[in-house]
> 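Below is a structure I'd like to ask you about.
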Amino acid sequence: MFKGFLRRLGMIGGATIVAIGLSTGVSIAATPSDSGISASALDVTAPPTTRQALAKAQPVSAQHAMVVTAQHLATKVGVNVLKQGGNAVDAAVAVGYALAVVHPCCGNIGGGGFMVLHLAKSADHPERNLFLDFREKAPEKATPTLFQDADGNVVDGRSTKTYLGTGVPGTVMGLEEARRRFGTMSRKQLMAPAIRLARQGFTLEQGDVNILHERSDDFADQPNVAKIFLNHGKPYQVGDTLKQPQLAHTLSLISKQGTKAFYHGAIAKAVVKASKAHGGILTLQDFADYTAPWGQPVTCGYHGYTVVSTPPPSSGGTTICEILGILDPLPLQQWGYGSVKTSHYLIEAERRAFADRNTYLGDPAFVHNPIDKLLSADHLAQLRDSINPDEATPSSQIHGSLGPREGQHTTQYSVVDDQGNAVSVTYTINYLFGNGHIAGNTGFFLNNEMDDFTAKPGVPNAFGLVQGKANQVEGGKRPLSSMSPSLVLKNGNLFMVTGSPGGSTIISTTLESMLNVIDFGMNVQQAVNAPRIHNQWLPDRTKVEPGYLTDSVKQKLEAMGHSFHVVRSWGADEAILRHADGTLEGANDRRRPAGLAAGY
């Protein structure tokens, strides 16, 4: 299988192939602004790869347990918890808090996210696959016109740069709820490493500095942020030590008092005070009313595997399963990675699934999500049959396929323990460093997740998503998300843990990591490193990383009516593969050079 993959990559018998970044015939966009996605919302700091490098990529192997995160110190925290006898949930909680310190662009206690769990067979837990929703919620005072002016026009920056863009954070409630139900270690034990890293500091590597520099100019505008995230007024450099004593104090309060400290105590009061001072609408009641509910994942079959992913208010699981359902009867393995046919059908499947996503899905507490209809065999067959095998379908001709509805930043981490329990977590504050604000002396960045709502039907958000009324702003509502922490099972047993940051591109990134393993024979490191492709219905243009398209494939697809925009990089899939003998392989995405896959 691997030899076949090398042949499809263009490497046979050790022959060197053309570097991927040089074979597209298209200039590479350093920022994704021309692709319909705000430059502040998506990290594009990683350089392109080459097919020669991709062919040589190998995962990290371990016999017992594995942790993969976007920051090496957080990975080591998780591995240490597992070595001390903790289970996958214990490690996931410790990693979640550690990333809030060492990966502050994306790891957080000021945002929220989703957790998907697979539990090893146990009489105590008959339900083996579970979903935990700790997505942010809109303040009760939020209204559908919150981000519009008196004339009904969307006000640029209101949902991304101000306190109006901040939803009630869910991370602390989510991590504690997971620990309380399935963990075996105390909150004090699991939070101690994060508190130590915040208080004593950690040495910055190139990958850390790359991301910090993305918003150093914004840090300078706010004294309380500059005090922490600038080094005497200047951007941090490789080898510098980043200390966060204020965050250490906040984490210590949570360690001692749990969710009470965050949702009913001094932390909530500090955030609400800052919100009111800056024109926001958060209240103490909003914090007191926050919950992190459990639910059932979305599941679907693909080529003999079972995909377990996120239900609404995440759109990820449903959209991934809809794309997979369209592709399922097609011979992608025969067509090959990056081929004309594979690319054409993948683009067209994504185009149709995203049209449905943007039309029908929203917070299930507020809208009915027609998941059964979207994933029904008849509906998937209709979508598949609507694809012209020789011609691209203009997005203007694609609409929500059930008829009218009545009525990047993020981080992923994956954990597998020695019992076969698995946890996939994606959590976020939306933009890199959220809205860029820190409330008083709390030490953590606040989210701008309210931008994930529909500011106005038909008007794109920061990720270029054009959405409908189902996801309009309403008090107490959770914004629709693309976060897709996912698991893949084989005969009911764990096979793969995967997920990624990247806003709307999360769905295609996570999906393609699965296809790369299942259909194209890649090992898990190759699967997450490989160049990506993404179509989200609108704008009517396909994003592509350098090297996905050869000149010949690109010309043929363009002749079929496809239009491409090349962006240097996006996403950061952190994945684990579990073989039938229990051997684990972990892969940190090359796009996060400060990350690490490690196990024992």
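Numbering of residues begins at 1 and proceeds along the displayed sequence.
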> Measuring from Ile195:CD1 to Lys188:NZ, what's the distance to the nearest 0.5 Å?
9.5 Å
> May I ask you to test the Val423-Met115 pair for a side-chain heavy-atom distance under 4.5 Å?
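Val423 reaches Met115 side chain to side chain.
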> Under 6.0 Å between ring centres: does that hold for Phe114 and Phe134?
no
> Provide the closest heavy-atom pair for Gln412 versus Ala572 in the form atom of the first, atom of the second, distance.
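Scanning both residues, the minimum pair turns out to be CB-O, 4.4 Å.
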> Are any side-chain N or O atoms of Tyr163 and backbone N or O atoms of Ile281, one a donor and one an acceptor, separated by less than 3.5 Å?
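Not at all, since once roles are kept as given, no pair shorter than 3.5 Å links the two residues.
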> I'd like to know if Arg135 and Asp133 make a salt bridge, using a cut-off of under 4.0 Å between side-chain N and carboxylate O.
no
> Is a side-chain N or O of Arg187 found less than 3.5 angstrom from the main chain of Arg179, in a donor-acceptor match?
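Checked: no pair found.
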> Taking all heavy atoms of Pro313 and all of Pro364, pick out the closest pair and write down the distance.
N-CD, 3.7 Å
> Going by distance alone, is a donor N or O of one side chain under 3.5 Å from an acceptor N or O of the other, for Asn80 and Gln84?
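Result is no, nothing qualifies.
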> How long is the span from the OG atom in Ser252 to the CG atom in Leu247, to the nearest 0.5 Å?
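Rounded to the nearest 0.5 Å, the OG-CG separation comes out at 9.0 Å.
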> Do the side chains of Tyr413 and Val67 get nearer than 4.5 Å, heavy atoms only?
no
> Between Met450 and Phe147, is the side chain to side chain contact (heavy atoms under 4.5 Å, CB included) condition met? List the steps.
CA-CA 9 Å; Met450 296 286 284; Phe147 303 123; 3.6 Å; yes
> Would you give the length of the straight line joining atom CG of Asn471 to atom CG of Asp452, rounded to the nearest 0.5 angstrom?
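It is 7.5 Å, given to the nearest 0.5 Å.
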> Indicate whether the side chain of Asp573 and that of Ser500 have a donor and an acceptor atom separated by less than 3.5 Å.
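No, Ser500 and Asp573 have no side-chain donor paired with an acceptor closer than 3.5 Å.
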> Run the side chain to side chain contact (heavy atoms under 4.5 Å, CB included) check on Thr318 and Leu361 step by step: do they pass?
CA-CA 9 Å; Thr318 303; Leu361 301 183; 4.1 Å; yes
> Any heavy-atom pair between the side chains of Leu480 and Phe453 that's under 4.5 Å?
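Side chain of Phe453 against side chain of Leu480, heavy atoms only: no contact under 4.5 Å found.
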> Roughly how far, to the nearest 0.5 Å, is OG1 of Thr505 from CD of Glu512?
9.5 Å
> Can you tell me if Thr510 uses its side chain to pair, donor with acceptor, with the backbone of Ile507 under 3.5 Å?
no
> Does the side chain of Asp286 come under 3.5 Å of the side chain of Thr283 through a donor N or O and an acceptor N or O?
yes
> Stepwise, does the side chain to side chain contact (heavy atoms under 4.5 Å, CB included) test hold for Asp90 with Leu190?
CA-CA 7 Å; Asp90 292 318; Leu190 298 178; 3.9 Å; yes
> Without hydrogens or angle criteria, can the side chains of Glu350 and Ser508 be said to hold a donor-acceptor pair below 3.5 Å?
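Checked: Glu350/Ser508 side chains show no N/O donor-acceptor pair below 3.5 Å.
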> Heavy-atom count check: over 12 atoms from other residues, nucleotides or ligands less than 6.0 Å from Lys161 NZ?
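For Lys161, atom NZ is not crowded (no more than 12 foreign heavy atoms under 6.0 Å).
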> I'd like to know if the side chain of Tyr263 reaches the main chain of Pro169, judged simply by a donor and an acceptor atom lying under 3.5 Å from each other, with no hydrogens or angles considered.
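Side chain of Tyr263 to backbone of Pro169: a pair is present.
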> Is a side-chain donor or acceptor of Ser481 paired with a backbone partner of Met483 at a separation under 3.5 angstrom?
yes
> Rounded to the nearest 0.5 Å, how far apart are CE of Met173 and NZ of Lys137?
10.0 Å
> Please find the pair of heavy atoms, one from Ser424 and one from Ser486, that lie closest to each other, and give the distance.
OG-N, 3.2 Å
> Is there side-chain contact between Lys269 and Leu284, with heavy atoms separated by less than 4.5 Å?
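Answer yes - side chains close enough.
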> Can you tell me how far CG of Asn441 sits from NE2 of His249, rounded to the nearest 0.5 angstrom?
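One finds 9.0 Å between NE2 of His249 and CG of Asn441.
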> Step by step, work out the salt bridge (charged side-chain N to carboxylate O under 4.0 Å, His left out) result for Asp589 and Arg532.
CA-CA 12 Å; Asp589 197 312; Arg532 297 166 179 151; 2.5 Å; yes
> Quick one: does any side-chain atom of Asn435 pair with a main-chain N or O of His437 as donor and acceptor, under 3.5 Å?
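Side chain of Asn435 to backbone of His437: a pair is present.
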> With a 4.5 Å heavy-atom cut-off, do Asp218 and Phe433 have their side chains touching?
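No, every pair of side-chain atoms sits at 4.5 Å or beyond.
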> Using 4.0 Å as the upper bound for N to carboxylate O, is an ion pair formed by Glu136 and Arg478?
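Salt bridge between Arg478 and Glu136, a charged N being under 4.0 Å from a carboxylate O: no.
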> Taking the cut-offs as 6.0 angstrom to the six-membered ring centre and 45 degrees off its axis, would you call Lys490 and Phe495 a cation-pi pair?
no
> Between the side chains of Asn108 and Thr171, is a donor N or O closer than 3.5 angstrom to an acceptor N or O?
yes
> Name the one of Ile211, Leu73, Val95 that satisfies side chain to side chain contact (heavy atoms under 4.5 Å, CB included) with His103?
Ile211
> Do Ser275 side-chain atoms and Val271 backbone N/O form a donor-acceptor pair below 3.5 Å?
no
> Applying side chain to side chain donor-acceptor pair (under 3.5 Å) to Glu574 and Ser414, what does each step give before you reach the verdict?
CA-CA 6 Å; Glu574 310 294 346; Ser414 302; over 6 Å; no
> Should Phe354 and Asp356 count as side-chain neighbours, where that means a heavy-atom distance under 4.5 Å?
no
> Ignoring hydrogens and geometry, is there a side-chain-to-backbone donor-acceptor pair from Asn447 to Gly110 under 3.5 Å?
yes
> For Trp294, is the NZ or CZ atom of Arg181 found under 6.0 angstrom from the centre of its six-membered ring and inside 45 degrees of the ring axis?
yes
> Test side chain to side chain contact (heavy atoms under 4.5 Å, CB included) on Thr306 and Val488; report intermediate values, then the result.
CA-CA 6 Å; Thr306 300; Val488 181; over 6 Å; no
> Quick one: closest heavy-atom pair of Asp418 and Ala65, and the distance?
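Taking Asp418 first and Ala65 second, the nearest heavy atoms are N-CB, 4.1 Å.
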> Do the non-hydrogen side-chain atoms of Gln244 and Phe202 ever get within less than 4.5 Å of each other?
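The answer is yes, as the side chains (C-beta and beyond) meet within the 4.5 Å cut-off.
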> If we only count heavy atoms from C-beta on, is the Arg128 to Lys121 side-chain gap below 4.5 Å?
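A side-chain contact exists here, since the closest heavy-atom pair is under 4.5 Å.
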> Quick check on the 6.0 Å ring-centre criterion: do Phe445 and Phe219 meet it?
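Between Phe445 and Phe219, the centre distance is under 6.0 Å.
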> Do the side-chain N and O atoms of Thr319 and Glu322 include a donor-acceptor pair separated by under 3.5 angstrom?
no
> Can you give me the closest heavy-atom contact between Asn224 and Ile438, atom names plus distance?
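Of all heavy-atom pairs spanning Asn224 and Ile438, the closest is ND2-O, 2.7 Å.
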> Using only heavy-atom distances, determine whether the side chains of Thr498 and Ser513 contain a donor-acceptor pair under 3.5 Å.
yes
> Is the side chain of Glu449 donor-acceptor paired with the backbone N or O of Thr166 at a distance under 3.5 Å, no angle test?
no
> Using distance alone, with no hydrogens and no angle criterion, decide if Arg357 and Ser482 have a side-chain donor and acceptor under 3.5 Å apart.
yes
> Between the side chains of Ser504 and Gln536, does any donor sit under 3.5 Å from an acceptor?
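Looking only at side-chain atoms, Gln536 and Ser504 do form a donor-acceptor pair, the distance falling under 3.5 Å.
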> Looking at every non-hydrogen atom in both residues, tell me the closest pair between Ser314 and Gly317 and how far apart they are.
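Residues Ser314 and Gly317, closest heavy atoms: OG-N, 4.2 Å.
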> Looking only at the side chains, is there a donor atom on one of Gln71 and Asp208 sitting less than 3.5 Å from an acceptor on the other?
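There is such a pair between these side chains.
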> Is the backbone N or O of Gln472 less than 3.5 Å from a side-chain atom of Lys477, with the two atoms forming a donor-acceptor pair by type?
yes
